Structure formats: structure tokens, C-alpha cells
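Before any comments, here is the structure.
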Number of protein chains: 2
Amino acid sequence: MKLTVRGEYALRALVVLGLSYSADAVLRIQAISEQQNIPKRFLEQILNDLKSAGVVTSRRGVTGGYRLARPPHEVTLATVIRHMDGALAPVSCVSERFYEKCSCPDEAKCGIRSVMKEVREAVVKILENVTLAQLCERVKLLQGVQANILDYAI
Amino acid sequence: MKLTVRGEYALRALVVLGLSYSADAVLRIQAISEQQNIPKRFLEQILNDLKSAGVVTSRRGVTGGYRLARPPHEVTLATVIRHMDGALAPVSCVSERFYEKCSCPDEAKCGIRSVMKEVREAVVKILENVTLAQLCERVKLLQGVQANILDYAI
DNA sequence: AGAATCCCCACTGAAACAATCAAGTTTAAG
DNA sequence: CTTAAACTTGATTGTTTCAGTGGGGATTCT
């Protein structure tokens, strides 16, 4: 599994949306783009893609913007990454959803394949069990730690 | 971590070399290439690369060929894959050996990064603990099972 | 010498990646 | 009812990576 810049931007944007999640408040692309150093035009494309995945919804027009389509605890990182970057498996011949035949003489007898399956399992286990809500919690915690250090300094 | 075709070919070739490992017998590129459906010219390049990594050695000339530079139980998959395909981490900002700064506002406060570190740990734990010898064992086992099925059929 | 093998380095064609551009449509406010 | 600020859609571009090829050179046995 390789997380591309595209996938990373998607996660970063979703964290921002997750942190300010509420019934019907929306965030503008520009706001997210500025806060996260993401090229606006590129982010536009990415959020649109997340929309087609049913992860976010949008409102158009001058008061428009994006918000999560569902509460953060219902979105797993696995879902997001699979949609943006494809397979979680290190090679497609061990992928469940993005399977492709490989060139080895016989997949059933392939030792490499069995190791790669283990790797895939390990990755999937982590990413399917971390939700956007948990990711946001981590962020709050990390930023909280920093804030406390500052408090002491003052 | 993404295993490229290049890395996969390397592992496949090493399994062949591992299975017939002995003090000074060598295998020709052509033999490996034919057995494994790997383009000869490409394999040439790959084995040369593995040589510079100290994984294999070669003998030139008409009786030439390749063999493992060290016994199979001393070579981990992590070593091979890192040399062929680079970082095991899903993003380079969490890689130990291939670290590169990422574009997020503050790495220390990045929640995504902390999840990706977990993924990296999981992958490394597997690949650093599987040696070429163990991989060869798996292959023998898998092929053995097939052989038995055939025996019954006869 | 000659044939078979490894060695080295450059090159190419295709695909993936990271953007960017252009020309819409929708919406609220003035 | 016009306009500006937002999202929408689809194409395009420049760069890098990937997989594979090609040509010529060095080495070693016979």
C-alpha cells in the first residue's frame, strides 16, 4: 500500500471537516486549502471525488462549501484510501477488491504471495479499524499536548 | 509499501537461487528467466542490482551464473524489498531510511502520520522476520501439497 | 580463437501522478 | 435581476516512475 499525495490531501481535508463536524455547517474549499497548504484547484478535484464516494456532501452557491456526509465515526481510513489510491495490498494479486493476475507460473504455489497476504491482512486490520472520529481524536490530543506545553511556558 | 514488478522478480529469482543453494553451484540468468517467465534482459539488470546490494555474487564466463552471496536464512525480505523498491512505509514522512519531509503544516501534530507509523511498524515487523530460507520453506510446502494431490490422482 | 556468459550504461514507450485551465451551473445578496 | 462567490465537469499539461530493450564490452572455459 502506497499513500499518494492525493490520498494524503483527502485525509487531511477530512480531518478538518471532521474537527468542525456539525449538522449543517459547511467549509469552503479555499479555507481548507489555505489551512492545509493544499493547491485549491487540486483539492477541488479531490473533494469532488470524495463526494462521489459518498463521504462528503456539498452546497453550491455563494454560501456553499463541503461537509461530511456521515458522522466521523462511520468513516474508516480504509474506505477513504481505497477510494483515492486503490488497493491496500502490496501487490494486486493478493488484493480482494483490486485483484489482478500476476505473471508467476502458479499463484497457488507462490510463496511470495503468501507473505504478501500477511502484509495485506496487517494493513487492512489497522486501516479498517481507525475511523475518521478516532483520527480527529488523535489530532486533538497531539495539538492538546502542544497547547499544554505552551501553557506552562506562559 | 508497494511491491513493483521489479521487486517481485527479484524475490522470485532469489527463491530459485535459494532452493538450489549450495557452496559454489551457480545458476544462469537464462535458466531462471525461463523458469519464472521473467524477461531475460530485465532480470540481468535486477540480478546485477542485487549483486551491488551484496545479496548475490556472480561468476563470469562460459561456466558463469549467479548464486546467493550468503545463506538464505541471513537474508530478510525487508532487505531485498528496501533495496529494490525503497521505503516499506506507506508515506515517506514516516520512513526511517527514506525519510522526506511532507507538506503538512506540522508533522509533530499530524494524526495521519501517527496512523501511518503504525502501518509501517506492522509491515516492517513481518518483512524483517521472514528470511529467504523461510520463504523457500513455504514454497516447498506449497509445492509439496500439490505433489501429494497429484500422487492421489495417480 | 571462439562461444557463452556476465557487465555497464543509455534509451524508450507507456502509464501514473500532481497539478492546472477553461468554461460551465447554482445560490444568496445587493 | 445582476453579480460575485462558490461548487461542477472535463480536458490538458509537465514530470516522474516503471518496465523493458539495445548495443557494445569484459571474462572465462574449451
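Just so we're clear, the structure is a prediction, and the values are computed from it rather than from any experiment. Note on naming: letters A, B, ... go to the chains in the order of the sequence lines (proteins, then strands), and numbering restarts at 1 for each one.
Nearer the 5' end of DNA chain D, as judged by each residue's closest nucleotide, is the contact made by A:Val62, out of A:Val62 and A:Ser58. Where A:Gly61 and A:Val5 each meet DNA chain C at their nearest nucleotide, the meeting point lying more 5' is that of A:Val5.
Between B:Glu96 and the options B:Lys117, B:Arg82, B:Arg120, a salt bridge (charged side-chain N to carboxylate O under 4.0 Å, His left out) holds for only B:Arg120.
As rounded to whole Å, 15 Å separates atom C1' of C:dT27 from atom CZ of A:Arg28. Rounding to whole angstrom units, CG of residue A:Asp49 and P of C:dC17 are separated by 13 Å. Between the CD atom of B:Glu8 and the C1' atom of D:dG20 there is a distance of 15 Å, given to the nearest Å. Remark: C1' of D:dA19 and CG of B:Leu43 are 13 Å apart, rounded to the nearest angstrom. Between the CD atom of B:Gln30 and the P atom of C:dA3 there is a distance of 17 Å, given to the nearest Å. In this structure, the NZ atom of B:Lys40 is 13 Å from the P atom of D:dG22, given to the nearest Å. For the pair B:Ile46 CD1 and C:dC6 C1', the interatomic distance rounds to 15 Å; values are reported in whole Å. For the pair A:Met84 CE and C:dA16 P, the interatomic distance rounds to 16 Å; values are reported in whole Å.
Between B:Arg41 and D:dT21 there is no side-chain N or O to OP1 or OP2 distance below 4.0 Å. The phosphate of C:dA19 (OP1 or OP2) has a side-chain N or O of A:Tyr9 nearer than 4.0 angstrom. For A:Asn48, no side-chain nitrogen or oxygen approaches OP1 or OP2 of D:dC7 to under 4.0 Å. Between B:Thr63 and C:dA4, a side-chain N or O to OP1/OP2 separation shorter than 4.0 Å is absent. The side chain of A:Thr4 places an N or O atom within less than 4.0 Å of a non-bridging phosphate oxygen (OP1 or OP2) of C:dA18.
Picking from D:dT28, D:dT21, C:dC7 the nucleotide with the shortest atom distance to the side chain of B:Lys51 gives C:dC7. Of the candidate nucleotides D:dT21, C:dC7, D:dT8, D:dT8 has the atom lying nearest to any side-chain atom of A:Tyr66. Checking D:dT8, C:dC7, D:dG20 against the side-chain heavy atoms of B:Phe42 singles out D:dG20 as nearest.
Judged purely by atom type and a 3.5 angstrom limit, A:Ser33 uses its side chain to pair as donor or acceptor with the backbone of A:Ile38.
Residue B:Leu47 is out of contact with every strand shown, counting any heavy-atom pair closer than 4.0 Å.
Put simply, the side chain of A:Arg6 and the base of C:dA19 share no donor and acceptor less than 3.5 Å apart. Checked by distance alone, B:Gln45 brings no side-chain donor or acceptor within 3.5 Å of a matching partner on the base of C:dC8. One can find a donor-acceptor pair under 3.5 Å joining the base of C:dT25 and the side-chain atoms of A:Arg60.
A:Val15 and A:Tyr21 fall within the same hydrophobic cluster, where Ile, Leu, Val, Met, Phe, Trp and Tyr residues are linked whenever their side-chain heavy atoms come under 4.5 Å apart, directly or through other members. Tracing side-chain contacts under 4.5 Å through hydrophobic residues (I, L, V, M, F, W, Y), one reaches B:Tyr66 starting from B:Phe42; they form part of the same cluster.
Going from atom CG of B:Leu88 over to atom CG of B:Leu77 covers 10.0 Å, rounded to the nearest 0.5 Å.
Side-chain contact of A:Ser92 with A:Ser95: a donor-acceptor pair under 3.5 Å is absent, judged by distance alone.
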